[in-house]
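Working notes for the structure below.
Order of the sequence lines fixes the chain letters, A, B, ..., with proteins taken first and strands second; residue numbering starts at 1 for each chain. On a predicted model such as this, the values are computed, not experimentally measured, just so you know. Reckoned from all heavy atoms, side chains included, excluding hydrogens, waters and symmetry mates.
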2 protein chains.
Amino acid sequence: MDTTQLLKGVLDLAVLAVLDDEDGYGYDVVRRLRAAGLDDVADASVYGTLRRLFAAGHLTSYVLPSVEGPHRKYYGLNASGRAELESSTKTWSGFADTMAALLAARKEVAA
Amino acid sequence: MDTTQLLKGVLDLAVLAVLDDEDGYGYDVVRRLRAAGLDDVADASVYGTLRRLFAAGHLTSYVLPSVEGPHRKYYGLNASGRAELESSTKTWSGFADTMAALLAARKEVAA
DNA sequence: CACAGTACTGCTCATTGCGCAGTAGTGCAC
DNA sequence: GTGCACTACTGCGCAATGAGCAGTACTGTG
């Protein structure tokens, strides 16, 4: 199975969760996601997701200079983003439970 | 959040799980998935997935007549399919755990 | 015979993550 | 001081996959 397909639709949620922790900029969000265990996320995917979430009105954005490279575009959750995070978390949990039940049901039969 | 995006990559796994239970034909697999809680799966998606899994060599196929409609194309897991089910289940579980941890970490901070 | 229910196929589209190239700033090695 | 590594972001085009929708076809019922 391909992990990149599993990310579909979930990357939004992961990015929102990471940003809820603390505002962050793209490059940093990538690192935090990788540290969390999502080893395979590509940077372009994260930048794209950030842009999409921002366009959807879930994020605020501000640019700060950096001493160790080019400027950084920080993103943070606004009310809409927190609401989205909340509802997406529920959707995801429900979905994960459904899948877990489906897979467990199979094992019971096999046992 | 859109559940159809969450299905990406997972529908294969769900179909394999359902078929591991018992051989089935497309129309029936759709019903079983819906009964399991995956309400939004479209029939075309399932038929497409079955064809893909068959093309990938994970399924066997045989056609049986039916008394209540057109013939039915049954699918069943072969060794390759069961191996795929096994490994995909692990991949999915690991991924789900990672996401759960990411979301839980957020809540701890928020608390 | 029209129509609903069953069962499958094929075409096209939308979404979304990825690969890759390009731009640009800072600092270090040589 | 030129090249190179690291930081940081953008944009273009591609691939995978689920969905929408139309079409085909068989059975049974009114």
Just checking [X]: base, sugar-phosphate only, or nothing, at a heavy-atom cut-off of under 4.0 Å?
{"X": "B:Ala42", "value": "sugar-phosphate"}
{"X": "B:Val46", "value": "nothing"}
{"X": "B:Asp40", "value": "sugar-phosphate"}
{"X": "A:Gly9", "value": "sugar-phosphate"}

Using only side-chain N and O atoms of [X], determine if any of them is under 4.0 Å from OP1 or OP2 of [N].
{"X": "B:Tyr25", "N": "C:dA7", "answer": "yes"}
{"X": "A:Arg72", "N": "C:dG25", "answer": "no"}
{"X": "A:Arg52", "N": "C:dG17", "answer": "yes"}
{"X": "B:Tyr47", "N": "C:dT9", "answer": "no"}
{"X": "B:Ser66", "N": "D:dT27", "answer": "no"}
{"X": "A:Lys73", "N": "D:dT10", "answer": "yes"}
{"X": "B:Arg31", "N": "C:dA7", "answer": "yes"}

By nearest atom, which of the nucleotides [options] is closest to the [X] side chain?
{"X": "A:Tyr27", "options": "C:dC8, D:dC9, D:dT10", "value": "D:dC9"}
{"X": "A:Gln5", "options": "C:dA24, C:dA7, D:dT17", "value": "D:dT17"}
{"X": "A:Asp12", "options": "C:dG17, C:dA24, D:dA19", "value": "C:dG17"}
{"X": "A:Thr49", "options": "D:dA8, C:dG17, C:dT16", "value": "C:dG17"}

By nearest heavy atom, map A:Val41 and B:Asp28 onto DNA chain C; which one lands nearer the 5' end? B:Asp28
When the nearest nucleotide of DNA chain C is assigned to A:Ala44 and to A:Glu68 on a heavy-atom basis, which residue is associated with the more 5' position? A:Ala44
B:Leu7 CG - C:dT16 P separation (whole Å): 14 Å
Find the distance A:Met1:CE to D:dA16:P and express it as a whole number of Å. 16 Å
Under 3.5 Å side-chain donor-acceptor pair for B:Thr3 and B:Asp40: yes
Could you check whether the rings of A:Tyr74 and A:Tyr62 sit parallel, tilted or perpendicular, using 30° and 60° as the cut-offs? parallel
Which heavy atom of A:Arg32 sits nearest a heavy atom of A:Gly24, and at what distance? NH2-CA, 3.5 Å
On DNA chain D, more 5' by nearest nucleotide between A:Asp43 and A:Lys8 is A:Asp43
A:Tyr27 side chain to A:Arg72 backbone, donor-acceptor under 3.5 Å: no
